[in-house]
There are 2 protein chains.
Amino acid sequence: MKVLSKGSVYALRALTYVVAHKGDIGFVNIGELSRSLDISFHFLTKIFQQLTQAGILESYRGPNGGIKLARPPQEIKVIEIVDVLEGPEFFNTCLLGLPGCGEFDPCPVHDFWKDAKAALREEFEETTLAELGKKVSDERLRIKP
Amino acid sequence: MKVLSKGSVYALRALTYVVAHKGDIGFVNIGELSRSLDISFHFLTKIFQQLTQAGILESYRGPNGGIKLARPPQEIKVIEIVDVLEGPEFFNTCLLGLPGCGEFDPCPVHDFWKDAKAALREEFEETTLAELGKKVSDERLRIKP
DNA sequence: CTGGTTTGAGACTTTCGAGTCTCAAAAAAC
DNA sequence: GTTTTTTGAGACTCGAAAGTCTCAAACCAG
C-alpha cells in the first residue's frame, strides 16, 4: 500500500534528519544529506527545489551553501510538505477511482473512506517536524533503510 | 492518494456491478461487463483470470460463457479480492517506505500508521460484495465514471 | 466434423513516476 | 578576474504498472 510518493517520503526523511542531527543553525549541504540518507543527490535536490519555491525551505548556493528550514521546526507541519509534493488533489481521491465521487454522488465506500482520509489529514496537520526530529533523537528511531 | 491498484479497483467495480445488476444466476459475459463499465476488455479478462485461479470466481468458455461468483455474494469479503490482486504485503507497508519498520524498529509515524492500516483492513474484512451491490441498487450510487 | 464464440495465457506496447545527467547561475576563495 | 563549490532548471533514461494484441483452448450449434 503505497500512499505517499517517493518525493514526500524522501523530504520527510531528510528534514527529520536535519532537525534531529543538525539543530536549527545554518545551511545543510545537500550532498551530505544525500550520502547520509542514501537518497539520490539529484533527486533530493529536485525535491528541495520544490520546497524552497513553496517557502518551506531557504537555500544558498556556493561553498558552505545548502538548505535550511525557513521557519522553526515546531512551526512546520507535515501537511505542508505533503501538500507541496503531492498536490492539492491528494486528500480528494475516491478509493474506487471514480471521478466525481463526493457527498452528492458517492461511491459504495465513500463514507468510510472520507473518515479515513480525514484521520490521515488530521495526523499530518498535528505533527510537526520538531516532533518527528525529537522522536528520532530521543528514542533513537530509525530514519534510513 | 492512490491506495488500490487499477486491478483491485476494476475488480471491485465489476463484481459490485454483477451483484447489483445480474443477480446471482448464470455466467456473465466479460465483454458485456467491459462495455457497461468502460474497462478494457483484455485487462478485465486478465484480472478475472487471477480471481478465477484464486477460487473466488468460476468461468466458463464458449457461447453463453463468462464468469460468476464461486460463492454467494454475502460470503465474499472485499479483503479476499484485495489480497489476491495486491499481494500479501499490502497491509505490511511503512508510511515512510522504510524496510524493516515494525514494532521493534518503528519509524516516527509507525504507531499512527499501524492503526490506520488496521482500520482499513477491518473495513475490507467486514464488507461483502452483497453489501456493495445492495448499496448500489438500493441507493442508486454510481459505479462507473 | 466444421465454424463461431468465449475465456486462458503470454508476449508486446504504452504511460508515468522515479531516477540520472548536463549545463547554467550564484556565491566564496584565491 | 578566475576557479571552485554548490544549488537551479530542464532534458533525458529507466522500470514497473497499466493496457493491448495474438493465438490457443474450451465449448456450443449446425
Side-chain angles (χ1 to χ4, degrees), chain A residues 1-14 18 26-35 37-70 82 84-87 89-90 93 96-97 145, chain B residues 1-14 18 26-35 37-70 82 84-87 89-90 93 96-97 145:
Chain A
M1 172 160 42
K2 192 178 71 79
V3 171
L4 295 173
S5 70
K6 291 285 186 184
S8 297
V9 164
Y10 291 165
L12 290 173
R13 295 229 293 257
V18 167
F27 290 94
V28 181
N29 185 280
I30 300 179
E32 185 201 329
L33 282 176
S34 154
R35 268 175 270 114
L37 294 167
D38 205 34
I39 298 172
S40 151
F41 167 74
H42 289 291
F43 194 30
L44 192 55
T45 298
K46 261 200 325 195
I47 294 163
F48 283 154
Q49 282 169 19
Q50 295 183 68
L51 294 173
T52 301
Q53 286 164 0
I56 294 171
L57 298 180
E58 288 175 10
S59 69
Y60 200 81
R61 286 192 261 202
N64 299 313
I67 56 97
K68 71 173 182 182
L69 302 181
V82 172
V84 169
L85 294 168
E86 302 291 340
E89 289 302 303
F90 185 68
T93 58
L96 298 187
Chain B
M1 174 161 38
K2 191 178 73 82
V3 171
L4 296 172
S5 70
K6 291 285 186 185
S8 297
V9 164
Y10 290 167
L12 290 173
R13 294 230 292 256
V18 168
F27 291 94
V28 182
N29 184 279
I30 300 181
E32 184 200 330
L33 282 175
S34 154
R35 269 175 270 113
L37 294 166
D38 204 33
I39 298 172
S40 150
F41 167 74
H42 289 290
F43 193 30
L44 191 55
T45 298
K46 258 197 332 193
I47 294 164
F48 284 154
Q49 281 169 18
Q50 294 183 69
L51 295 173
T52 301
Q53 285 165 1
I56 295 171
L57 297 181
E58 288 174 10
S59 69
Y60 202 78
R61 287 191 261 201
N64 299 315
I67 56 97
K68 72 171 182 183
L69 302 180
V82 171
V84 169
L85 295 168
E86 304 290 341
E89 289 302 303
F90 185 69
T93 58
L96 298 187

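Hydrogens, waters and symmetry mates are skipped; everything else that's a heavy atom, side chains included, is used. In the text below, chain A, chain B and the rest are named by the order of the sequence lines, each starting its count at 1.
- Closest heavy-atom contact between B/Ala14 and B/Leu44: CB-CD1, 4.2 Å.
- Contact annotation for B/Glu58: no contact, since no heavy-atom pair falls under 4.0 Å across all strands.
- Taking every heavy atom of both residues into account, B/Val9 and A/Leu96 meet most closely at CG1-O, 2.9 Å.
- Formation of a donor-acceptor pair under 3.5 Å by the A/Ser34 side chain with backbone atoms of A/Ile39 is found in this model.
- Side chain of A/Ser59, nearest nucleotide from D/dG8, C/dG19, C/dA27: D/dG8.
- Pairing each heavy atom of A/Arg35 with each of A/Asn29, the nearest pair is NH2-OD1, 4.4 Å.
- Proximity of A/Lys2 to the phosphate of C/dA18: a side-chain N or O atom is located under 4.0 Å from OP1 or OP2.
- Among C/dA27, C/dA18, C/dG8, the nucleotide with an atom closest to any side-chain atom of A/Tyr60 is C/dA27.
- Distance from the side chain of A/His42 is smallest to C/dC21 among C/dC21, C/dA28, C/dG8.
- Rounded to an integer number of Å, the gap from B/Leu44 CG to D/dA18 C1' is 13 Å.
- Mapping B/Leu4 and A/Asn64 onto DNA chain D by nearest heavy atom places A/Asn64 closer to the 5' end of the strand.
- Residue side chain B/Lys46 does not reach the base of C/dG8 through any donor-acceptor N/O pair under 3.5 Å, judged by distance alone.
- Out of C/dG8, C/dA26, C/dG4, the shortest distance to the side chain of A/Arg61 is found at C/dA26.
- As rounded to whole Å, 13 Å separates atom C1' of D/dT6 from atom CG of A/Leu33.
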